[in-house]
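Contents: one structure, followed by commentary.
Naming: A, B, ... by sequence-line order, numbering from 1 per chain.
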Number of protein chains: 4
Amino acid sequence: MSSRREATRHRLFEAAITLISEQGFGATSVDQIAERAGVAKGTVYYNFSGKAELYTALMEWGVQRLSDHLSAAVVGPPREALSSVLRTELEFIGTHESLARLLMAEAWRTRQTWYDTVRQIRAGAIGVISGLLEDLVEAGELPDDLDIGVAGSALFGMVLTVALDWRTLQPDRPLEEIHATLIRLVDGFLTR
Amino acid sequence: MSSRREATRHRLFEAAITLISEQGFGATSVDQIAERAGVAKGTVYYNFSGKAELYTALMEWGVQRLSDHLSAAVVGPPREALSSVLRTELEFIGTHESLARLLMAEAWRTRQTWYDTVRQIRAGAIGVISGLLEDLVEAGELPDDLDIGVAGSALFGMVLTVALDWRTLQPDRPLEEIHATLIRLVDGFLTR
Amino acid sequence: MSSRREATRHRLFEAAITLISEQGFGATSVDQIAERAGVAKGTVYYNFSGKAELYTALMEWGVQRLSDHLSAAVVGPPREALSSVLRTELEFIGTHESLARLLMAEAWRTRQTWYDTVRQIRAGAIGVISGLLEDLVEAGELPDDLDIGVAGSALFGMVLTVALDWRTLQPDRPLEEIHATLIRLVDGFLTR
Amino acid sequence: MSSRREATRHRLFEAAITLISEQGFGATSVDQIAERAGVAKGTVYYNFSGKAELYTALMEWGVQRLSDHLSAAVVGPPREALSSVLRTELEFIGTHESLARLLMAEAWRTRQTWYDTVRQIRAGAIGVISGLLEDLVEAGELPDDLDIGVAGSALFGMVLTVALDWRTLQPDRPLEEIHATLIRLVDGFLTR
DNA sequence: GATGAATGAGTTTTCATTCAT
DNA sequence: GATGAATGAAAACTCATTCAT
């Protein structure tokens, strides 16, 4: 694939993320996306088979970015790694707010073409967290009869919800404060 | 208002909730709603001024039910009340899964007509939880420098995420198991 | 189906036949059809699932007319009936020239959605002729080892080609002359 | 003109003939033609000024071949020459089925750019047959008051229809059988 | 000679809404 | 109260054509 084409696709992603996260998939027209990306409408169809495929590709591209960030944050002993992963999730959502809203809005929708893609995303992200919880169980810092799947989902949702509320309601607060509150809650889980 | 009309409105609600929660607001047509409700398309417009009004009415109706349930669950000393509220949230999502998905999918969307309605809902639900956290601070079971707003949001998101994952991925597990795991996590927060 | 709707469908057929037979299916837009029929574009889609379905329905409607005419012409002893059927085919093509052109233009096309519909048409029309040829074999006016299928196809194609050339090149000649020439040719087949 | 270029043009012809005969001119895209020919889309425009020119060139190329074949078949006394021409028409359609379908499908269409090209083809082919019929009149084997124009058109259409039905419905039958049946019919015309 | 990314005018299609019955 | 045929504005989508490489 030529790099010119690659660049065009990238511009379309950036345009689509913002518009769709603000207005929703249905309310965003291909015209708007093309105009914002600075290309002709036909170019969207040259690069993607249609609006739905653009959306699916967009989410896959988003996943890759989130996964890469979270995985890179798994460093050091479990407790520190968990803290680092949660901070990274917060940071990612802060930086790529549009993408995060977009993922969340669709994450709860069943019977969509892209349902499987979204589920994959969630599984990947939650997997990183669940992996760390397992390490903590082995290290004796969590009881070994804890339901790791549910707990991972709980932590993921907690950070996500807090992050989006932070961006929506109190965008000026420093990330550090939010992170500190989250860590206090999570530390409560851990065996003392 | 005649009860026949009331019955028609109710059937339209039920049809709209399911369809919109599955496909989204934009992807659900008035035709589909009318067909599922077993009425003619014109009937939708006889009963509501339009698709948007149907949607707003739908969400307000949903809010009322969620609020009623949560408020009714605030009974007894704070710890028990918190446990009861979380269980009720789980139950509500289990029973009104479509409605819950619907609310979540829209909750992260900015710049929508019904954005304020959704925010109200969230504020109401989180408010019940934050209120209990304040009671717990007063009771000395939570440190008084904890950020109650963030913590309330965290608890709410945790339950919501876990509940929807439960319904989506393991719908056959008994509610009791999910509730127990949540309570173990939450108990970790509390001062022992 | 309401008679209003039926009337609208009929007007769309009439509009589509003329336009498509002149310009071809691909070169005729739904806009043109709607405008000529005096309805809004959306009405086409309310009455048919799309342009292709309109076309298929159109051809089925055309078949019915042609079949009805040909069948009604089968009267009297075989020789006279054959003469009558060929005259009727000539007349039908003269009167419904657009429809005939349309059917012929598509009759040779494979791999189209409406291929089966067209084949049905041809089979029906040729069937009436082949039936008469069989009667003629039984009456001893045709040798019994003649390939009835091929002969029926030959007669059908002969009349069709002659009829369309007549309408195209010498539209002012009376039908009677054309019919007389055809009958002279056909009589040559028959045993004297 | 380089032979590489000539080869490319030829591949484009072959691809276009097949696709257009199957789907029609309007329904066949330049993309499809290029893909089937195994070249890039731009190559079509390097070799032809556009889709319409490709189509015109295509039909002229087809005519030349048909004319060459039919003319070469006019050998010997009229009766034998007629038999030979009809066989050649059958053979040509059998061998170049796609091209024949294509010509037929357009032959009945008025108001097209290439209408004159198609008419020329028909006139040429029918002319060869009419010429032979005139020879037969002179030889006293046909009555001199027969309408030669109509009869030529009738014979042409008869063979064409039979040939295409043969290829479509019973492609495995030997050409000889079809030819024999046609000759029996035609012989009936002739004075005995 | 050939390529294929990009274009935009022209099309098909959708669907919330109206309104006569 | 309810219906469903009809509407038209706003989308989605197609594809012949151009042009820089």
When A/Val44, A/Leu12, A/Leu54 are each screened for side chain to side chain contact (heavy atoms under 4.5 Å, CB included) with A/Val30, the one that passes is A/Val44
Take atom CG of B/Leu12 and atom P of F/dG1, then tell me their distance rounded to the nearest Å. 15 Å
Please report the end-to-end axis angle for the helix from E/dA2-F/dT21 to E/dT21-F/dA2, five pairs per end, rounded to 10 degrees. 0°
C/Ser2 has its side chain closest, among F/dT3, F/dA5, E/dT3, to F/dA5
Are any of A/Asn47's side-chain N or O atoms less than 4.0 Å away from OP1 or OP2 of E/dA6? yes
Looking only at the aromatic ring of each residue, does the gap between the centers of A/Phe13 and A/Tyr55 stay below 6.0 angstrom? no
Evaluate the side-chain proximity of D/Glu14 to D/Thr18: yes if any heavy-atom separation is below 4.5 Å, no if none is. no
Aromatic ring proximity, centroids under 6.0 angstrom, A/Phe25 and B/Phe25: no
Nucleotide F/dA16, atom P - distance to CG of D/Leu19 in whole Å: 12 Å
Residues in salt bridge (Lys or Arg N to Asp or Glu O under 4.0 Å) contact with D/Arg167, at least two apart in sequence or another chain: D/Glu97
In whole angstrom, give the distance that lies between atom CD of A/Glu35 and atom P of E/dG8. 12 Å
Nearest whole angstrom, please: distance from the C1' of F/dT14 to the CD of A/Glu53. 16 Å
Closer than 3.5 angstrom, by distance alone: can the side chain of A/Thr8 be matched with the main-chain N or O of A/Arg4 as a donor-acceptor pair? yes
Among the candidates F/dT3, F/dG1, F/dA5, find the nucleotide nearest to the side-chain atoms of B/Arg5. F/dG1
Is a side-chain donor or acceptor of A/Arg36 paired with a backbone partner of A/Leu19 at a separation under 3.5 angstrom? no
Between the side chain of D/Ser29 and the main-chain N/O of D/Gln32, is any donor-acceptor distance below 3.5 Å? yes
Using atom CD of A/Gln23 as one end and atom P of F/dA11 as the other, report the distance to the nearest whole Å. 10 Å
When we call it a touch if two heavy atoms are under 4.0 Å apart, what does D/Val44 touch: a base, just sugar-phosphate, or nothing? nothing
Rounding to an integer number of Å, can you tell me how far A/Arg9 CZ sits from E/dA6 C1'? 15 Å
Spacing between A/Phe48 atom CZ and E/dA6 atom P, to the nearest angstrom: 11 Å
At under 4.0 Å, does any side-chain N or O of C/Thr8 touch on OP1 or OP2 of F/dA6? yes
To the nearest Å, how far apart are D/Tyr55 OH and F/dA16 P? 14 Å
In Å and rounded to the nearest 0.5 Å, what is the OG1 to CD distance from B/Thr28 to B/Gln23? 4.0 Å
Could you write nucleotides 15-21 of chain E as a row of B, S and -, 5' to 3', where a protein heavy atom under 4.0 Å of any base atom gives B, of only sugar-phosphate atoms gives S, and otherwise -? -BBB---
